[in-house]
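Worksheet: the structure to be examined is printed underneath.
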Amino acid sequence: MIRFDASRSLWILETASAAFVFGLARRGSSVDGFPQSRLSGEGLLLQTWYGPRLSDPSEYPEAVPEPGWASFSTPASLSPEIFPAAGGPRFGEPSLACVFPDGVRDSALRYRDYSIDGEKLSVFLDDSAYGLEVELEFIAHPAWDLFSRRAIVRNRAGGSAASSSGGSVLIESLLSGAVYLNRGGEYRLTHLVGRWAGETRIERCPLGEGRFTIDSSRGFTSHHANPFFALDAGASADEDSGDVRFGCLAWSGNWKISFERDNFGLVKISAGYQDRDFSIPLSSGQEVASPSFIFGFTRGGFGAMSRALHGWQRSALSPSGSELRRVLYNSWEATAFSVDEAGQTALAEKAASLGVELFVMDDGWFGERTNDRAGLGDWTVNRKKFPRGLGPLIARVKELGMEFGLWVEPEMVNPDSDLYRAHPDWIYHYPGRTRTEMRNQFVLNLSIPAVEAYVFDAMHRLLSENDIRFVKWDLNRSISEPGSHAHGHPRDANIRHIEALYRIMTRLRSAHPDVRFQTCSGGGGRIDPGILAYFDQAWPSDNTDASDRLVIQEGFSLIYGAHIMESWVTARKNWLNGRELSLEYRFHAAMAGVLGIGENLSHWNEEEAAAAKGLIALYKDIRPLVQNGNLYRLESAERTSFLYAADDGSRAVLFVFLERNRFGGRMPPVHPRGLDPDARYELVQRSPAAPLFSPPSAEIAGRAGMTLSGAAWTERGVEVPLREDHTSAIFEFKRSPLD
Ligand code: DGJ
């Protein structure tokens, strides 16, 4: 619910239990000896509340500028301005920085008016001297205690001003805006760090005075950081309780989120485009929008934060919503580039016999692709490998009762390809400078309209000519030398690239509504709420070691739901670290997301195939809980446990992994969350098949076979007698029919 309190000039945005409030400072703060209004803070738009919803809205404070401090800190630089534009006495991170046609770099935005349309609020600001308009757009997502916001900058000038930038306003920095935490708290930042094969690992650190930035300048979201943060005061939050303020950015190109703690204890968070090597010329009549910044508040700790984000992704963001994702097979770890009709057909037959629903052929099927040195860009079937085209393989896959999926990497080109030979100027590069190859490939410059058209046409043709229902869209290098000579202004190429990608996806999805898409970037390099508006699921990492994967999946789950998190069962001995894990452990870890199989199925003996078949059947049974339930992370370290509970409290599935048994002895019980305290649940061991419990056992905690109330299970916990390293189990809580 959004409303404007005219008597106090306050905009109040409320969800079920959170509120974000800002207002127009109607009076300035008195600053001795500094009479100008620019110094007093009068007329600024200031955040006055970001936290729990109050039952009496008249208690939200109104906007009053902070007093200045000596001649160095002015009200404008000390007050929580929701969209500080570079200009006047401001010294922190600007949400907007621009150069006007006459060279002036001083923005003076003043509030003009606002409009409210249901859950959407637009507040308009003007710099009337230059005809610059900024629309601050806010959307409330009441059910999820989330808000999203973005800024749209419009050049409404007459368009005749002559200048070095040709009459354009040059946007040098554009963020979605700023949000603030209460002055004076000792805040702890939670964010995700990583690298290839080690993405989305949770890092926590105190926010000290100064500026700390997480970002990507690689041209895409990156493996190294994810555009997300969570902040709690004094490390007071845990999984189940505590105030957490959090946010994420819907953008798949260069991005940044900065955290500034000023000398008076005010914490400011600003999120938007990365402004390194960035500028956008805005000529008269043009506009540019910042990415959407999604932010929220919860009193329920990090667990409630994740559940809100997952629910929002399923209900509002994801193009296929809560549609159940298929169990898939992927050929990459089995056959790498050596794909052909006979080999893939044999794998497909084995996969179908196990209950797989989607067969995905990975890299190697096109152009002159026998390794990673050739072929990218030539999206036609390799006739040496598939003399009859893809048709017979697809037909067989369908006959086996599965859908067919295909790997592509459309934004890339190998120097050894027909495409590159025909269009060497289609890649990012600077004339006369080295064109850096990574993985023997270049990046196509999608900001060139002809390149965008080529990529769309190639993918559209592929999907039109073949019965493909799933596309794995990969991206295996960073963008370097981001030159673009398509339109004379290379420094907006990254934005144009990502906008072109989003456009291509919009067109592909509308032309092929039955096709589902996976975002992949050498693992989890391009996962963010921007891309997830177009892609149904994601490949979190090339690291398929189940033990490492549990760590990566935990970090992933902070932000993204299990319906997005594809995970494969691969070889017993992992290619990355040589670790050997049981089939069961590997399956259980992959069953925590969208289950896939990546092992060469001809390596499985009958017993393994039978076990796999049973586990796939089990997965299908618990899949609605995993993919659409509510996640409760229970513990992670030597033992990792988590639970997915159905919305209606009827069922919950508990996963337990013993990573390492130190010093022997009995592990404490696992305490479930998310059960209806008043309902009665029977605990059923779903996997492994042989009972873990050998009665009699200590009855301090509950154990499989028992029926207890949700409240009792939560308090007593579940006895899980796993003893050996890397063993695991899956249990189900079934609400008793009497309830
Ligand atoms: C990187 C991906 O993450 C892998 O799964 C695989 O698709 C390879 N690329 C293929 O080149």
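Both ligands and their constituent atoms are indexed starting at 1 by order of listing. Note that this is a predicted model, so its numbers are computed, not measured.
- Ring geometry, Phe642 versus Tyr644: the interplanar angle exceeds 60°, so the pair is classed perpendicular (tilted spans 30 to 60°).
- Heavy atoms of Glu409 stay at 4.0 angstrom or farther from ligand 1.
- Here the shortest heavy-atom distance to atom 9 (N) of ligand 1, taken over Asp372, Asp474, Leu376, belongs to Asp474.
- An N or O contact shorter than 3.5 Å is missing between Trp332 and ligand 1 by distance.
- Where the criterion is an N or O separation shorter than 3.5 Å, residue side chain and backbone included, Asp542 meets it with respect to ligand 1.
- With Asn445 contributing its side chain and Ser447 its backbone, the two residues share a donor-acceptor pair below 3.5 Å.
- Under the 4.0 angstrom criterion for non-hydrogen atoms, Arg369 is not in contact with ligand 1.
- Of all the heavy atoms of Asn330, none lies under 4.0 Å from any atom of ligand 1, so neither backbone nor side chain is involved.
- Of all protein heavy atoms, the one closest to atom 5 (O) of ligand 1 is Lys472 NZ, 2.7 Å.
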Distance-only donor-acceptor hits, side chain of residues 608-618, under 3.5 Å, sequence neighbours excluded:
unit_1: Glu608; atom_1: OE1; unit_2: Asn605; atom_2: N; d: 3.0

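- The protein non-hydrogen atom at the shortest distance from atom 11 (O) of ligand 1 is Asp363 OD2, 2.6 Å.
- Contact annotation for Glu333 and ligand 1: no heavy atom of the residue comes within less than 4.0 Å of the ligand.
- Residues passing the side-chain hydrogen bond (donor to acceptor under 3.5 Å, both in side chains) test with Tyr619 are Gln627, sequence neighbours excluded.
- Looking at Cys520 next to ligand 1, no N or O pair under 3.5 Å apart turns up.
- Taking 4.0 Å as the cut-off between side-chain N and carboxylate O, Asp536 and Arg509 count as a salt-bridged pair.
- For the pair Arg549 and Trp539, the distance from NZ or CZ to the six-membered ring centre is under 6.0 Å and the angle to the ring normal is within 45 degrees.
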* Start with the C-alpha distance between Leu631 and His310, add both sets of side-chain angles, then the distance that settles side chain to side chain contact (heavy atoms under 4.5 Å, CB included), and finish with yes or no. => CA-CA 9 Å; Leu631 168 68; His310 301 172; 3.9 Å; yes
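- The single protein non-hydrogen atom nearest to atom 7 (O) of ligand 1 is Asp362 OD1, 2.7 Å, given as residue, atom name and distance.
- A salt bridge is absent between Arg526 and Asp528; no separation between the charged side-chain nitrogens and carboxylate oxygens falls under 4.0 Å.
- Heavy-atom proximity to Gly523, at under 4.0 Å, picks out these atoms of ligand 1: 3 (O).
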